[in-house]
Structure formats: C-alpha cells, structure tokens
There are 2 protein chains.
Amino acid sequence: MSTNWLVASTNRLVKLAGVVRDKEATKAKLLEAALDEFAEYGIAGARVDRIAAKAGCNKAMIYAYFGSKEGLFDQLLKIQIDHVVQSVPITPDDLPGYAGRLFDAYQEEPRLLRLAAYHRLENGFDTIPEPEAQAHRHKVEAIAQAQVEGKITAVFNATDLLDLVVHMSILAFSTPNASRDLVVRSVERLIAE
Amino acid sequence: MSTNWLVASTNRLVKLAGVVRDKEATKAKLLEAALDEFAEYGIAGARVDRIAAKAGCNKAMIYAYFGSKEGLFDQLLKIQIDHVVQSVPITPDDLPGYAGRLFDAYQEEPRLLRLAAYHRLENGFDTIPEPEAQAHRHKVEAIAQAQVEGKITAVFNATDLLDLVVHMSILAFSTPNASRDLVVRSVERLIAE
DNA sequence: CCGTACTAACTAACTGTTTGGTTGACAGAG
DNA sequence: CTCTGTCAACCAAACAGTTAGTTAGTACGG
C-alpha cells in the first residue's frame, strides 16, 4: 500500500509510547505491575494473572522475560534495592541525616519497604544479594573510618551502629504515622557523646 | 467381655494423654501446627493440608473448630499476643529492661515475631485487635505518668517513646545476630537525660 | 519473508472448603 | 455387669475454583 510509510511512522510513535512490540517497554510495564502486586500480597500471595492484567500484556511474557514468578520478584527486588542504595549514599559524619534520607526514600516509595519485608520473611537473612552485601560492607567501613578519625561516637562498633541507623529508618514499618523528625532525633541521641 | 473395665480405664488414660477424641487437645495440636506453618510461610503461603498433617488430624477439624484458614490464624495470633502482653508487663521506670525482656520473649519464641510481621504486611495497621489496642493505651498512660513524676525523660512524648522502645526490641527482625545488650544500651541512650 | 514480540487456549496440579458417613465414649435400662 | 441408643469427635473423599506454567499459532517490523 502507499500508506506504508504512514503506518510505519505511526507504529514508531506508538512504540515510543510503549504500546506494541517493544521488549524493554513490556519488561518495564511488567516490573511496575509486579511492584504493585508483590508489595501488596507478598510472593506467595501474588498472582501472575493479576500482574499480567495490570501490565496490560500476556502472562506468557513473564515467563519469556523473567523465567518464573520468583524470577520476576528477584529481578524486581534487585532493581529496587540498587536504586535506593545508589540514590541514598551514606554520610558517616551525618548519620541522623542518613537515617532521615532513608526514611524519605521509604515514604516516597512505601512499596519498597513491603517488598523487602516480604523477602526477608520468605527467604530469611541468608539470601542477601552480593551487591547489597558489598554495599553493606562499604558502609561499615566508612563508619569505622569516621570513628577512627574521631568524627563520630565509638560507643557502638561500626557494624552495630549501621544496623541501628538502618533499623531506625524503618520505624514506619512497626508504627503508623512515624515521623521523620522522630527518626532523626532518635539517631542523634543514639550517637550523642 | 470381662475386660471392659480395663478397656474403659485404658481409654480414660489415653484420653488424658490427649490422643483420641479430645476436642481441646485437638484444638491445641492444630494451633501448635498452625504456629509452625503460618510463621514459616505466612497467611497466603500456609497450606491447610500441611497444618492438618503436622497436627496429626483431619483438616475438616480446622473448619469445625476455627471456621476457616483465616479464622485459625486470627485465633492463633490473638493467643500469642495475649501471652506476650501478659508475660512481659511494662516497667515505665525501667524501659531498657522492658525492651530487653521483650527481646528475650522474641528470642524464646521467634515464630511470634514472624507471625506478627506477616499479619502487619497482609492486614495493615488498621486491623489491631481491641485488647491489644487497650493494652497499648495503658502502656502509653503508664509512661506519661512516669514522665509527670519526673522519673524518666520527657524529650519524647509518651506515645513516641513507647513506639521507639518497642521498635528497638524487634531489632532482630531487621538484623541477624542482634544482641540483647545492643537493644538495652540503645534504649538507655535514647532516654538518657 | 524472516525473526520475534505477542496472544489465546490449554493443562495438570493444587487450593480451601464441604459433605456423608464412621467411630468411640458414655449414660441409662435391663 | 451387659447391652444399646445417642451424640460429639473424627475422617476420607470429593468439590468447585484457582494456580503457575506451556504451547502452538498469529502478526508485526525490518
């Protein structure tokens, strides 16, 4: 037909909108839908049919791109954790601020906290992805260094201190309406000399 | 037969041991099996067949005694929470000790922490049983009273303070190998003048 | 016209829940 | 003591619906 160029052009436009035949766009839609589903229902409670429906694509795509329901969850969690790890760098000489920024990240994306909690419950502590473990070691090292330099308290060892700060940042998990101010002030008192 | 009295006696003994035809014993076995199952797999992940098998009785008994899978979970959670609430009374003038004793309770029965976490994730904050809410209000009041009497710090209001202490006591949820000492020392520093 | 993103239809296994029937304990009559 | 009727505790099997995962074919883009 003489309208071939027009059709092609239309498809290209549509493709940019991520509606048809775009592998990466489809994966992205599946991941977004999976974030919704897994955060709400957990791994065992999530339903692949709902994820596909929410993403507006076929269920078989999940298996083509992620292998299995668990594969989808694992990749999703990795992406989300990488994102928060990179967007909230540790500031060893301002741990209250670090806790506050972690708190902010969880407020901005509450699904992440639920995702991580479900992962912990269903997979235990053993299954920590290596990049995350490495990031954790780096943070411990940074805190230890700040302690050596006398910038922050040494009443807690570096590992315990990081654990405490991170734990305070997830205060919203155990308490509704937990405020950022409460988290920050708590860490301030924990590290006060 | 002339051994009828013996048979009857045997049955009575067996009944005392809770092996046959003992409603309360069966309920208890189901609850214990349910604690195992729900703590490990969560509500959505738990399987009634596994619970019945673990309890050594038919799964129809679950529906006879608890109505449904969720009914079984609800009753189980209520019992467990009541137990910890009663066995660990609050000591407003010794909050570090209170946090430590809560920590001990969770160490002694780690399944409780998992049970409560799954409940929070799958039912949200709204679904707090009234007895628990009442116990919570009582604790806030006790802390407020201690603050009025000048026994403990007033840098946090009573509600926040209770939330912080409870949150510290579940440190083991976010950190493997969390120590009792770390929990106690953290609360000490939080309430230090 | 080829490769591949995509889909509808399918399956085999598993899910919570119910049902109909069985069994053991016990009270009262003989 | 023995027999028997009753009732609650119990179980095996079946139920209807749902599940994760598969497959064979379609159609689009290059």
Side-chain angles (χ1 to χ4, degrees), chain A residues 1 3-31 33-34 37-38 41-74 122, chain B residues 1-31 33-34 37-38 41-74 76 122:
Chain A
M1 305 293 178
T3 54
N4 263 352
W5 69 271
L6 216 173
V7 172
S9 166
T10 302
N11 281 334
R12 212 161 285 129
L13 284 173
V14 169
K15 189 176 180 179
L16 284 172
V19 179
V20 291
R21 301 240 156 202
D22 186 327
K23 189 172 175 175
E24 294 309 314
T26 299
K27 282 167 111 172
K29 284 195 295 182
L30 280 172
L31 284 168
E37 180 74 9
F38 283 122
Y41 300 104
I43 306 175
R47 298 292 170 248
V48 290
D49 293 88
R50 274 199 298 250
I51 294 174
K54 228 174 281 187
C57 60
N58 197 278
K59 177 168 67 150
M61 295 292 93
I62 291 172
Y63 297 92
Y65 296 146
F66 303 99
S68 67
K69 179 184 168 182
E70 301 247 330
L72 174 58
F73 179 87
D74 291 345
E122 304 197 16
Chain B
M1 306 295 177
S2 60
T3 52
N4 262 351
W5 70 271
L6 216 173
V7 171
S9 166
T10 303
N11 281 334
R12 215 161 283 132
L13 284 172
V14 169
K15 190 177 182 181
L16 284 173
V19 179
V20 290
R21 304 235 158 203
D22 186 327
K23 187 173 176 176
E24 293 310 314
T26 300
K27 280 167 116 173
K29 283 195 295 182
L30 279 172
L31 285 168
E37 180 75 9
F38 283 123
Y41 300 104
I43 307 174
R47 298 290 169 251
V48 289
D49 294 86
R50 273 199 300 249
I51 294 173
K54 227 174 282 186
C57 62
N58 196 276
K59 68 177 163 168
M61 295 293 94
I62 292 174
Y63 297 91
Y65 295 146
F66 303 99
S68 67
K69 180 184 170 184
E70 301 246 330
L72 175 57
F73 179 86
D74 291 344
L76 172 65
E122 304 196 17

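Sequence lines set the chain letters: A, B, ... in the order given, protein chains first and strands last, and positions in each chain run from 1.
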J.: Look at the side chain of R21(A) against the base of dA27(D) and say whether a donor-acceptor pair falls under 3.5 Å; ignore hydrogens and angles.
T.: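 Yes.
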J.: Is N58(A) side chain donor-acceptor paired with the dA5(C) base, going by distance under 3.5 Å alone?
T.: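 Absent.
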J.: Under the side chain to side chain contact (heavy atoms under 4.5 Å, CB included) criterion, do D49(B) and K59(B) qualify, and how do the steps go?
T.: CA-CA 6 Å; D49(B) 294 86; K59(B) 68 177 163 168; 3.1 Å; yes
J.: Within this structure, what is the CZ-to-C1' distance between F66(A) and dA20(D), rounded to whole angstrom?
T.: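 Atom CZ in F66(A) sits about 16 Å away from atom C1' in dA20(D).
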J.: Could you tell me the separation between the CD atom of E37(B) and the C1' atom of dT15(C), rounded to a whole number of Å?
T.: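 Answer to the nearest Å: 13 Å.
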J.: Distance criterion of 3.5 Å, no angle test: do you see the side chain of K69(B) paired donor-to-acceptor with the base of dT17(C)?
T.: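 No pair found.
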J.: Could you give the CG-to-P distance, from L72(B) to dT17(C), as a whole number of Å?
T.: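 That distance rounds to 10 Å.
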J.: Whole Å only: how far is the CD1 atom of I62(A) from the P atom of dT19(D)?
T.: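 It works out to 13 Å between those atoms.
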J.: In whole angstrom, give the distance that lies between atom NZ of K59(A) and atom P of dA8(C).
T.: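 That distance rounds to 12 Å.
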J.: Over all heavy atoms of both residues, which pair between A44(A) and G45(B) is shortest? Give the atoms and the distance, please.
T.: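 Closest pair (atom of A44(A), atom of G45(B), distance): CB-CA, 3.6 Å.
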J.: Of all heavy-atom pairs between K54(A) and A33(A), which one has the smallest distance, and what is that distance?
T.: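 Heavy-atom minimum between the residues: CB-CB, 3.8 Å.
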J.: Would you kindly give the CD-to-P distance between E24(B) and dA8(D), to the nearest whole Å?
T.: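 The answer, rounded to whole Å, is 15 Å.
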J.: Applying a 4.0 Å non-hydrogen cut-off, can you work out what A44(A) is touching in the nucleic acid: base, sugar-phosphate, or nothing?
T.: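 Nothing, no nucleic acid heavy atom in range.
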J.: Let's see if you can work this out: which of dA12(D), dT4(C), dT17(C) has an atom nearest to the side-chain heavy atoms of S68(B)?
T.: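 Nucleotide nearest to S68(B)'s side chain: dT17(C).
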J.: Using a cut-off of less than 4.0 Å, is there contact between a side-chain N or O of R47(B) and OP1 or OP2 of dC14(C)?
T.: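 No, no such contact exists.
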J.: M61(B) has a side chain; which of dT15(C), dA13(D), dC11(D) sits nearest to it?
T.: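 From the listed options, dC11(D) comes nearest.
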J.: Think T26(B) has a side-chain N or O under 4.0 angstrom from the OP1 or OP2 of dA9(D)?
T.: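 For T26(B), the contact criterion (side-chain N or O under 4.0 Å from OP1 or OP2 of dA9(D)) is not met.
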J.: Give a yes or no on whether the backbone of V48(B) and the side-chain of E37(B) come within a donor-acceptor separation of less than 3.5 Å.
T.: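 No: the side chain of E37(B) does not pair with the backbone of V48(B).
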J.: Report the nucleotide, chosen from dC6(C), dT18(C), dT15(C), that has the shortest atom-to-atom distance to any side-chain atom of Y63(B).
T.: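 The closest nucleotide is dT18(C).
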J.: Using atom NZ of K23(B) as one end and atom C1' of dC10(D) as the other, report the distance to the nearest whole Å.
T.: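 These atoms are roughly 12 Å apart.
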J.: What nucleic acid atoms does A46(A) come within less than 4.0 Å of, heavy atoms only: base, sugar-phosphate, or nothing?
T.: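 Here A46(A) touches the backbone only, sparing every base.
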J.: What is the separation between atom CD1 on I51(A) and atom P on dT18(D), rounded to the nearest whole Å?
T.: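 Value for this atom pair: 18 Å.
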J.: Mapping C57(A) and A60(B) to their closest nucleotides on DNA chain C, which lands nearer the 5' end?
T.: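 This one resolves to C57(A).
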J.: Which is more 5' along DNA chain D, the nucleotide nearest G67(A) or the one nearest R50(A)? Just name the residue.
T.: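 The residue closer to the strand's 5' end, by nearest nucleotide, is R50(A).
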J.: Within a strict 4.5 Å, meaning less than it, do heavy atoms of the K69(A) and F38(A) side chains meet?
T.: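 The answer is yes, as the side chains (C-beta and beyond) meet within the 4.5 Å cut-off.
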